[in-house]
Amino acid sequence: MPRSTTARTLREFHDALLAAYGPRHWWPGETRTEIMVGAVLTQNTNWTNVERAIANLKSADALDWHRLNDMGHDELAALIRPAGYFNVKARRLKKLVEWVVGEFDGDLDAMFARSTATLREELLNVNGIGRETADSILLYAGGHVTFVVDAYTARVLRRHGLIDEDADYELIKELFEGNLPEDEKLYNEYHALLVEVGKQCCRPRNARCEECPLGAFPHDTSR
DNA sequence: TGCCAGGCCGGGT
DNA sequence: ACCCGGCATGGC
């Protein structure tokens, strides 16, 4: 598909999704710290479960880098239990906290002042922070212009014929970044809209989605 | 009731 | 360079 066609299609998809669902007002979280913690907690996990875990952290007054740093594994794991994978996620959160406190003493202004590319590399070096989590933190907590890709994004693009089966994260990310204006608000909205269409109709098993804002004839309905 | 949810890591081939 | 099992809760 020619580059200009891809660019137009991606813009049309965005506009159709926005018309169908309206602005998503993402990320659902009040502070940068909450967004960063939520990004780890939502790994392969339903957001409603994450909300419970975050509510527990708030009740314990634990959404704070130094408090988190002082907390023991078992205490943290108990608080985030509803989010699932609580032992894994407690470890991952502690790794992130160690880095934020160790490198910046919890100063997020200092942290996000680093360049997008540098910060992305550094986040990826933290054990437990992969590409989607890093990009979510950069975009939604830091306001950095970087496109977030997730399972929904890949499935939607695959079903509507824009990528093939084996397209990996970086390729999909570059498809958006190379064909859209470099605009934080646009990236923010687009990713949130892709999640919404993924939840509404582009689900793993539904054979066909007649109501889909992007059209009713997906290429691949098997997954 | 089984399937799914806004991944990521580590070990094996 | 892939491929796969493990990790866990809660909603439908």
Side-chain angles (χ1 to χ4, degrees), chain A residues 13-14 17 21 23-29 32 34-57 73-99 120-142 144 146-159 163-173 176 187-207 209 214 220-223:
Chain A
F13 278 14
H14 169 271
L17 293 173
Y21 301 128
R24 302 286 83 207
H25 307 297
W26 266 35
W27 182 287
R32 292 180 295 183
E34 183 178 337
I35 292 168
M36 291 172 70
V37 169
V40 172
L41 293 179
T42 198
Q43 289 171 359
N44 202 39
T45 299
N46 191 306
W47 181 254
T48 60
N49 287 14
V50 176
E51 287 183 319
R52 293 192 174 92
I54 288 179
N56 287 347
L57 291 170
H73 170 93
D74 290 347
E75 188 184 355
L76 179 56
L79 289 171
I80 65 173
R81 181 184 172 91
Y85 305 138
F86 48 82
N87 283 311
V88 171
K89 286 175 179 174
R91 266 196 313 275
R92 291 179 181 176
L93 279 175
K94 292 292 275 184
K95 290 293 185 184
L96 179 60
V97 170
E98 277 172 33
W99 182 69
R120 188 170 197 264
E121 283 298 312
E122 290 176 324
L123 284 166
L124 290 174
N125 273 340
V126 178
N127 189 290
I129 307 296
R131 290 171 298 192
E132 185 189 339
T133 309
D135 286 329
S136 296
I137 288 171
L138 284 164
L139 178 64
Y140 289 108
H144 282 259
T146 193
F147 205 92
V148 181
V149 176
D150 65 354
Y152 290 134
T153 310
R155 191 158 66 229
V156 171
L157 292 193
R158 202 163 52 231
R159 288 189 177 183
I163 58 171
D164 44 83
E165 197 61 31
D166 56 354
D168 71 356
Y169 188 99
E170 300 296 339
L171 183 103
I172 297 170
K173 177 181 174 62
F176 285 97
Y187 287 16
N188 177 319
E189 196 60 62
Y190 208 154
H191 173 72
L193 288 165
L194 286 165
V195 171
E196 191 60 26
V197 73
K199 288 179 178 172
Q200 295 286 335
C201 71
C202 203
R203 294 185 301 274
R205 299 253 182 167
N206 64 342
C209 177
L214 304 181
D220 170 12
T221 57
S222 67
R223 68 189 190 91

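Order of the sequence lines sets the chain letters (A, B, ...), proteins ahead of strands, with each chain counted from 1.
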* **Other residues, nucleotides, ligands: >12 heavy atoms within 6.0 Å of A:Lys173 NZ** => yes
Picking from [options], which would you name as closest to the side chain of [X]?
{"X": "A:Arg81", "options": "B:dC9, B:dA5, C:dT9", "result": "C:dT9"}
{"X": "A:Pro82", "options": "B:dC3, C:dA8, C:dG10", "result": "C:dG10"}
{"X": "A:Ala151", "options": "B:dC4, B:dG7, B:dC9", "result": "B:dG7"}
{"X": "A:Asn87", "options": "C:dA8, B:dG7, C:dG10", "result": "C:dA8"}
{"X": "A:Phe86", "options": "B:dC3, B:dC8, C:dT9", "result": "C:dT9"}
{"X": "A:Thr48", "options": "B:dG10, C:dG11, B:dC4", "result": "C:dG11"}

* Structure fact -> Looking only at heavy atoms, the pair that brings A:Val40 and A:Lys89 closest together is O-CE, 3.8 Å
* Considering heavy-atom distances to DNA chain B, does A:Lys199 or A:Gly128 have its closest nucleotide positioned more toward the 5' end? -> A:Lys199
* Return the 5'-most residue of the pair A:Thr133, A:Asn46 with respect to DNA chain B, ranking by each residue's nearest nucleotide. => A:Asn46
* Structure fact -> Nearest-nucleotide check on DNA chain C, A:Asn44 vs A:Arg52; residue mapping nearer the 5' end is A:Asn44
* To do: Using the P atom as the reference point in each nucleotide, state the distance between B:dG10 and C:dA8 in Å, no decimals.
  => 15 Å
* Given the P atoms of B:dT1 and C:dC7, what is the spacing between them in whole Å? -> 23 Å
How many Å lie between [atom1] on [X] and [atom2] on [N], as a whole number?
{"X": "A:Gln43", "N": "B:dA5", "atom1": "CD", "atom2": "P", "value": "15 Å"}
{"X": "A:Glu170", "N": "B:dC8", "atom1": "CD", "atom2": "P", "value": "11 Å"}
{"X": "A:Arg203", "N": "C:dC12", "atom1": "CZ", "atom2": "C1'", "value": "11 Å"}
{"X": "A:Arg91", "N": "C:dC7", "atom1": "CZ", "atom2": "C1'", "value": "9 Å"}
{"X": "A:Ile129", "N": "B:dC8", "atom1": "CD1", "atom2": "P", "value": "8 Å"}
{"X": "A:Arg205", "N": "B:dT1", "atom1": "CZ", "atom2": "C1'", "value": "13 Å"}
{"X": "A:Tyr169", "N": "C:dC2", "atom1": "OH", "atom2": "C1'", "value": "20 Å"}
{"X": "A:Ile80", "N": "C:dT9", "atom1": "CD1", "atom2": "P", "value": "12 Å"}

* Which part of the nucleic acid does A:Asn49 contact within heavy-atom distance under 4.0 Å: base, sugar-phosphate only, or nothing? -> base
* Can a side chain N or O of A:Arg155 be found less than 4.0 Å away from OP1 or OP2 on B:dA5? -> yes
* Could you verify whether a donor N or O on one side chain and an acceptor N or O on the other, from A:Asp150 and A:Tyr169, lie under 3.5 Å apart? => no
* Short side-chain donor-acceptor distance under 3.5 Å, A:Asn87 and A:His73 -> yes
* To do: Could you label the plane-to-plane angle of the A:Phe176 and A:Tyr190 rings as parallel, tilted or perpendicular, counting under 30° as parallel and over 60° as perpendicular?
  => perpendicular
* Any N/O donor-acceptor pair, A:Arg92 side-chain to B:dC9 base, under 3.5 Å -> no
* Asked: Just by modelled atom types, is the A:Gly128 backbone N or O under 3.5 Å from a matching donor or acceptor in the A:Gln43 side chain?
  -> yes
* Does B:dG10 have a Watson-Crick or wobble partner in any strand here, with both distances under 3.5 angstrom, and which is it? -> C:dC4
